[in-house]
Amino acid sequence: QVQLVESGGGSVQAGGSLRLSCATSTYTHTGACMGWFRQAPGKEREGVAAIHTNGGSTYYADSVKGRFTIAQDNAKNTVYLQMNSLKREDTAMYYCAAEPAVYGCYSSSWYRRGWYNHWGQGTQVTVSS
């Protein structure tokens with residue numbers, strides 16, 4: 001059973017930065033897609049970014065391109081989401097997700113909630129103006 005533990009959330013003013021971490025209990029050495037999702041109150045959970053553990057291919061939602069960066073540290077079994085230039089609309093619960101994937105995250109799949117079988121409990125990010 002894959003366990004995912006998010007950390008790094010908090011409150012920040014607009015324009016500020018936060019770095020989220022997702023520590024995994026196990027890594028799929030044949031390859032996994034690690035994704036970050038977020039869900040604001042009353043809204044659907046949406047894909048923010050993803051990274052494939054083999055090769056490091058990255059994927060981003062248009063709303064965060066140029067502001068957020070996803071990265072991995074395989075030695076620590078940890079995936080990070082660096083969030084810069086935060087906006088009020090980035091306020092949400094952020095979730096880490098994992099799905100074994102040998103060949104990649106797939107541009108048509110990485111942002112789909114139903115594609116992932118493993119989820120963390122989430123970490124809250126609040127951006128104030």
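Each residue takes its place number in the sequence, starting with 1.
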What pairs of donor and acceptor atoms, side-chain ones from residues 36-46 against any protein atom, are under 3.5 angstrom apart with sequence neighbours left out?
{"unit_1": "Arg38", "atom_1": "NE", "unit_2": "Glu46", "atom_2": "OE2", "d": "2.7"}
{"unit_1": "Arg38", "atom_1": "NH1", "unit_2": "Asp90", "atom_2": "OD1", "d": "2.8"}
{"unit_1": "Arg38", "atom_1": "NH1", "unit_2": "Tyr94", "atom_2": "OH", "d": "3.0"}
{"unit_1": "Arg38", "atom_1": "NH2", "unit_2": "Glu46", "atom_2": "OE2", "d": "3.3"}
{"unit_1": "Gln39", "atom_1": "OE1", "unit_2": "Arg45", "atom_2": "NE", "d": "3.1"}
{"unit_1": "Gln39", "atom_1": "OE1", "unit_2": "Arg45", "atom_2": "NH2", "d": "3.3"}
{"unit_1": "Gln39", "atom_1": "NE2", "unit_2": "Lys43", "atom_2": "O", "d": "3.1"}

Please set out all donor-acceptor pairs under 3.5 angstrom arising from side-chain atoms of residues 10-19, sequence neighbours excluded.
{"unit_1": "Ser17", "atom_1": "OG", "unit_2": "Asn84", "atom_2": "OD1", "d": "2.9"}

Listing, residues 122-129 side-chain donor-acceptor contacts under 3.5 Å, not counting sequence neighbours, or none:
{"unit_1": "Thr123", "atom_1": "OG1", "unit_2": "Gly9", "atom_2": "N", "d": "3.1"}
{"unit_1": "Gln124", "atom_1": "NE2", "unit_2": "Ala92", "atom_2": "O", "d": "3.4"}
{"unit_1": "Gln124", "atom_1": "NE2", "unit_2": "Thr126", "atom_2": "OG1", "d": "3.4"}

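Counting heavy atoms from C-beta outward, Tyr60 and Ile70 have side chains that approach closer than 4.5 Å. The side-chain heavy atoms of Met83 and Val64, taken from C-beta on, include no pair separated by under 4.5 Å. Inter-residue side-chain proximity for Leu81 and Phe68 is flagged as met; some heavy-atom pair is nearer than 4.5 Å. Looking at heavy atoms from C-beta onward, Trp119 lies in side-chain contact with Arg113 at the 4.5 angstrom threshold.
Taking OG1 from Thr53 and CE from Met34, the interatomic distance works out to 8.0 Å, rounded to the nearest 0.5 Å. Distance check, rounded to the nearest 0.5 Å: CG of Leu4 to CD of Gln121 gives 9.5 Å.
Sequence neighbours left out, not one pair with a member in residues 44-73 passes disulfide (SG to SG under 2.5 Å). Here disulfide (SG to SG under 2.5 Å) pairs that include residues 45-129, with residues two or more places apart or in two chains, are Cys22-Cys96, Cys33-Cys105. Pairs engaging residues 51-63 under the salt bridge (charged side-chain N to carboxylate O under 4.0 Å, His left out) rule: Asp62-Lys65 [sequence neighbours left out].
Cluster membership for Ile51 and Val5, using ILVMFWY side-chain heavy atoms within less than 4.5 angstrom, is not shared.
With sequence neighbours excluded, no residue satisfies ring pair (Phe, Tyr, Trp, His ring centres under 6.0 Å) with Tyr95. Among residues two or more places apart in sequence or in another chain, the side chain to side chain contact (heavy atoms under 4.5 Å, CB included) test is passed with Ser85 by Arg67.
A donor-acceptor pair under 3.5 Å is formed between the side chain of His52 and the backbone N or O of Ala101. Counting only distance, with no hydrogens or angles, the side chain of Thr91 and the backbone of Arg88 share a donor-acceptor pair below 3.5 Å. The backbone N or O of Ala61 sits nowhere less than 3.5 Å from a side-chain atom of Ser63 that would complete a donor-acceptor pair. Using modelled atom types, no side-chain atom of Thr69 and backbone atom of Gln82 make a donor-acceptor pair closer than 3.5 Å.
Gly104 and Trp115 get closest at one heavy-atom pair: O-CH2, 4.1 Å. Across all non-hydrogen atoms, the minimal contact from Trp110 to Ala49 is CZ3-N, 3.4 Å.
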